[in-house]
Asks: 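To start, I am sharing the structure in question, which I have written as structure tokens.
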There are 4 protein chains.
Amino acid sequence: MAAATRPGAAPVEARAPRARRVLPAEVRTDHLISAAADLFIAQGLEATTVDDIVARAGVAKGTFYHYFATKADVLVALRERFSQDFAARAAAAIEAVPDTDHPARFNAWLRAAVSTYLANFRLHDVVFHDFTHDRRRSREKDMVIGQLAALLEAGQEAGAWNLPNARAAALVLFDGMHGVVDDAIAAGQLDPAPLCGMLEQMLGRILVR
Amino acid sequence: MAAATRPGAAPVEARAPRARRVLPAEVRTDHLISAAADLFIAQGLEATTVDDIVARAGVAKGTFYHYFATKADVLVALRERFSQDFAARAAAAIEAVPDTDHPARFNAWLRAAVSTYLANFRLHDVVFHDFTHDRRRSREKDMVIGQLAALLEAGQEAGAWNLPNARAAALVLFDGMHGVVDDAIAAGQLDPAPLCGMLEQMLGRILVR
Amino acid sequence: MAAATRPGAAPVEARAPRARRVLPAEVRTDHLISAAADLFIAQGLEATTVDDIVARAGVAKGTFYHYFATKADVLVALRERFSQDFAARAAAAIEAVPDTDHPARFNAWLRAAVSTYLANFRLHDVVFHDFTHDRRRSREKDMVIGQLAALLEAGQEAGAWNLPNARAAALVLFDGMHGVVDDAIAAGQLDPAPLCGMLEQMLGRILVR
Amino acid sequence: MAAATRPGAAPVEARAPRARRVLPAEVRTDHLISAAADLFIAQGLEATTVDDIVARAGVAKGTFYHYFATKADVLVALRERFSQDFAARAAAAIEAVPDTDHPARFNAWLRAAVSTYLANFRLHDVVFHDFTHDRRRSREKDMVIGQLAALLEAGQEAGAWNLPNARAAALVLFDGMHGVVDDAIAAGQLDPAPLCGMLEQMLGRILVR
DNA sequence: AATGAATGAGCGTTCATTCAT
DNA sequence: CATGAATGAACGCTCATTCAT
């Protein structure tokens, strides 16, 4: 049923309306995503209301719905942004290493992954909360796993190691790394260096000739 | 991996702005009314938003408010168009009959009314939805009833029939016709011929010397 | 997405909670329907919010939704109540006349219908606003038309009149009466007596041997 | 026809009150937990209301709150049940192997873990949904990791393998297994045998002298 | 112990209308 | 003339929890 009073009709008391600032869609969208990200981290996903988001972004509620059909849609946009950033950093780290030294490339991936994850786990938690088990595979995880699997396959072809199944190995390495870093975070240990050393040694065992 | 507040890639695609076409006011108005009519019929009045209308008409939202002060105003314009059409058809049918044969003139009116209504009931429903009971009398209904009452009065003066009250008779004839045709529509019977036959007989009884 | 704060959690400021009155479901339901009816008449259907209804009924909002799944559901219940009442009054009027005098039975129906409608048209408008055209046939209208058609058929079998189609006649009589009374209401003429006299004469013409 | 406020017939059917059955607390608790588990799996945690649970368990709402202070408490109880079952199965598998053959003990653990997870992943998803990232460490995961770490430490002391850090190794093995099995589930491959073979080979590389 | 009517704060979403460009 | 980003008041509905019986 429709609203009883005509929206947009003159308000009972004249209040100074908010100054209207017209911004390019792209900029507004980004402001909104960032406001949402900050609040999701600080208060959690469910506890953050659309009112909170628009208040922080300094716009009216309608503006939010001008850009996102649904509260859940901001999360989708945020996840996209997050994953692309993760992949870009890992790729940069790998490419900084000569593409003939496969163990060094893996270690570069490992260090980038550990430190990026340690630096952003709070956002990570928000962004993947609903995806870990439910869907088990997401475009986002596939992007990351695919990247690592490609690295492993390149090493395999070059004879750097001998893996029965590159995708499965990528999963063990990624999720193994994830689990160890999660445990470190829970223990309050946020320095990547010792973790990387230990993981290089432990995970390196899987990458044997 | 981005800080939460970092501006990133925009998830909203840049759109090529619509080509701006200047059109004569009457044409624009007509496009908008027709777009609205189609949508009102397809989805209902309340369910059709101004956004829907401008999307279908291929113009921007502001353009709508150049031509109509209010969403309700399109409906008013549509109602006008509809009623004039109805009256014109009825008038044409009546005038095709010699103005001395009053029973034949009534039957001509009846056939025109039944078939016009059957052909347009979906638009009729939209256009009169809020008028049937609420206001009980509208300029539009009065136009139609006045037309029929005039026909009845002419017959009365010529001694073709004897009615205590021409307006009341017009109402009984018009609403009686309406009710029977509504029932036929609900039953899926959209052919005017059998309805006209039956109504001529039934309603003719009111028009007796 | 779920509410961010746990409903039922202690409110920030302790306010004296409303005294809880437990009532039989039937009684609560009826109070709610009546509150809704009053408000629908006074302010219209759309303009009446669920908040208005519960405020008038003196209960919490949740109580409303304990009994009705939807705002529209109260209207359904109200329509039911209205129609049963209309049919009951018409039946009582008919049955007060010897079942051999068919014209008198019809006139009894007519007087009951006109005066009941005149006395309740505001509620009628609310209750049937969305049904008149849209659905064209409703359980409720069918109930009333069926009742009148039965009366007409009884008279037909007894030879009191000669109708080609009892249902169609019932529709003409009912909707004809409706249209004339609507016009009278619009003209501010709420006294049933003159209307009944005129309608008896006019509609009686349809009921001829 | 009724005045708007007249009490009328109740549209709510009178229900026969449910027969009141007194049951031992433990039985009631178990019924409720099982009802909740079924619904959590079928519809998700958030989408399952306390009303749903009591409806399925066939008790009144108040009864639920006799046994659980909070909706979240059922989930806690369910998690407890789930984890104890998992640990018990793993323990049974390990103990069926001579405690001198450490690699075989690990493989026994692996097979039990994979097949138990594959058989129960839907319940697992529900039960750990909110724990995976948020808290990163739970009593429940610690129980499982502790069990595996103990196995690894025993092998370490016996010289079966040489690990820098038993807990970290347990995490890599457990989460690595988890990731590979999740991927298999997503691919619709629910047979444990091929997974176990591949994982024995891949994870076995970590357990080297 | 068991019932089920009652509570109410809270939230996501809608959409007619305005106005800077 | 035309555009479309921005506004914001309003509303229906949810559901965990309480408590009189």
Side-chain angles (χ1 to χ4, degrees), chain A residues 1-12 15 17-25 28 46 49-51 54 59-67 69-72, chain B residues 15 17-23 25 28 46 49-52 54 59-67 69-72, chain C residues 1-12 15 17-25 28 46 49-52 54 59-67 69-72, chain D residues 15 17-23 25 28 49-52 54 59-67 69-72:
Chain A
M1 271 178 195
T5 56
R6 287 234 308 292
V12 175
R15 275 172 312 90
R18 173 204 310 287
R20 226 176 239 237
R21 279 216 54 201
V22 176
L23 249 47
R28 261 288 132 76
E46 303 270 279
T49 69
V50 174
D51 273 303
V54 298
V59 298
K61 213 162 178 178
T63 304
F64 180 91
Y65 285 97
H66 192 61
Y67 291 106
T70 269
K71 182 183 165 186
Chain B
R15 285 163 296 229
R18 177 201 313 290
R20 204 173 148 133
R21 284 209 54 199
V22 178
L23 247 49
R28 267 281 139 82
E46 301 271 281
T49 68
V50 174
D51 272 299
D52 292 339
V54 298
V59 298
K61 213 157 174 186
T63 305
F64 179 92
Y65 284 94
H66 264 300
Y67 293 102
T70 267
K71 182 185 166 186
Chain C
M1 268 177 196
T5 55
R6 286 235 307 292
V12 174
R15 275 173 311 92
R18 173 205 309 288
R20 224 177 240 237
R21 277 216 57 201
V22 176
L23 248 47
R28 262 288 132 78
E46 304 269 278
T49 69
V50 175
D51 274 303
D52 292 340
V54 298
V59 298
K61 210 162 180 179
T63 304
F64 180 92
Y65 285 97
H66 193 60
Y67 292 105
T70 269
K71 182 184 165 185
Chain D
R15 284 163 297 231
R18 175 200 314 291
R20 206 174 147 130
R21 283 208 55 199
V22 178
L23 248 49
R28 268 282 139 83
T49 68
V50 174
D51 273 299
D52 292 340
V54 298
V59 299
K61 211 156 173 188
T63 306
F64 179 92
Y65 284 96
H66 264 299
Y67 293 104
T70 266
K71 182 186 165 185

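Bear in mind that the values here come from a model prediction, so they are computed numbers and not experimental data. Throughout, a chain's letter reflects where its sequence line sits, starting with A, and its residues are numbered from 1.
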Asks: When all nucleic acid strands are considered with a 4.0 Å heavy-atom cut-off, which category describes B:Y67: base, sugar-phosphate, or nothing?
Replies: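 The residue B:Y67 makes sugar-phosphate contact but no base contact.
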Asks: What is the nucleic acid contact for D:K71, judged by heavy atoms within less than 4.0 Å: base, sugar-phosphate only, or nothing?
Replies: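 Counting heavy atoms under 4.0 Å across all strands, the contact made by D:K71 is with sugar-phosphate only.
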Asks: Return the value, rounded to whole Å, for the distance between atom CG of C:D51 and atom P of F:dA9.
Replies: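 Going from CG in C:D51 over to P in F:dA9 covers 17 Å.
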Asks: Without decimals, in angstroms, what is the distance between A:F64 CZ and E:dT13 P?
Replies: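 Distance, rounded to whole Å: 8 Å.
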Asks: Quick check: on DNA chain F, is the nucleotide nearest A:T63 upstream (toward 5') of the one nearest C:T63, or the reverse? Name the residue that is more 5'.
Replies: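 With C:T63 and A:T63 compared, the 5'-side residue is A:T63.
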Asks: For B:T49, which contact category applies under a 4.0 Å heavy-atom criterion: base, sugar-phosphate, or nothing?
Replies: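 Here B:T49 touches the backbone only, sparing every base.
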Asks: Between P on E:dT14 and CD on C:E46, what's the gap in Å once rounded to a whole number?
Replies: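 Taking atom P of E:dT14 as the reference, CD of C:E46 is at 16 Å.
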Asks: Return the minimal non-hydrogen interatomic distance between C:K71 and C:E46, and the atom names on each side.
Replies: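 Of all heavy-atom pairs spanning C:K71 and C:E46, the closest is NZ-O, 3.8 Å.
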Asks: Rounded to the nearest Å, what distance is computed from the NZ atom of residue D:K61 to the P atom of nucleotide E:dT7?
Replies: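 Atom-to-atom, D:K61 to E:dT7, this comes out as 13 Å.
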Asks: Tell me which of B:G62 and C:A60 sits closer to the 5' end of DNA chain E, going by the nucleotide each one is nearest to.
Replies: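 In this pair, the answer is C:A60.
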Asks: For E:dT13, take OP1 and OP2 only and decide whether either is under 4.0 Å from a side-chain N or O of A:T70.
Replies: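 A:T70 to E:dT13 OP1/OP2: side-chain N or O found under 4.0 Å.
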Asks: Could you check how far CZ of C:R21 sits from P of E:dG8, rounded to whole Å?
Replies: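 One finds 15 Å between P of E:dG8 and CZ of C:R21, rounded.
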Asks: Would you say a side-chain N or O of B:R28 is under 4.0 Å from OP1 or OP2 of F:dC1?
Replies: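 No, outside the criterion.
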Asks: Round to the nearest Å and state the distance from A:H66 atom NE2 to E:dT14 atom P.
Replies: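 From A:H66 NE2 to E:dT14 P: 14 Å.
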Asks: For F:dT21, which nucleotide is its Watson-Crick or G-U wobble mate, given both distances must be under 3.5 Å?
Replies: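 By the stated definition (distances under 3.5 Å), E:dA2 pairs with F:dT21.
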Asks: Which base sits across from F:dT14 as a Watson-Crick or G-U pair, both distances under 3.5 Å?
Replies: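 Base-paired to E:dA9.
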Asks: Can you check the A:Y65 OH to F:dC11 P distance for me, whole Å?
Replies: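 After rounding, the gap between these two atoms is 17 Å.
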Asks: Quick one: on DNA chain E, does A:R20 or C:V59 contact a more 5' nucleotide (nearest heavy atom)?
Replies: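 Here C:V59 is the residue nearer the 5' end.
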Asks: Would you mind telling me which of C:V54, C:V50, C:T70 makes a side-chain contact (heavy atoms from CB on, under 4.5 Å) with C:Y65?
Replies: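 Single side-chain contact (heavy atoms from CB on, under 4.5 Å) partner of C:Y65 among C:V54, C:V50, C:T70: C:V50.
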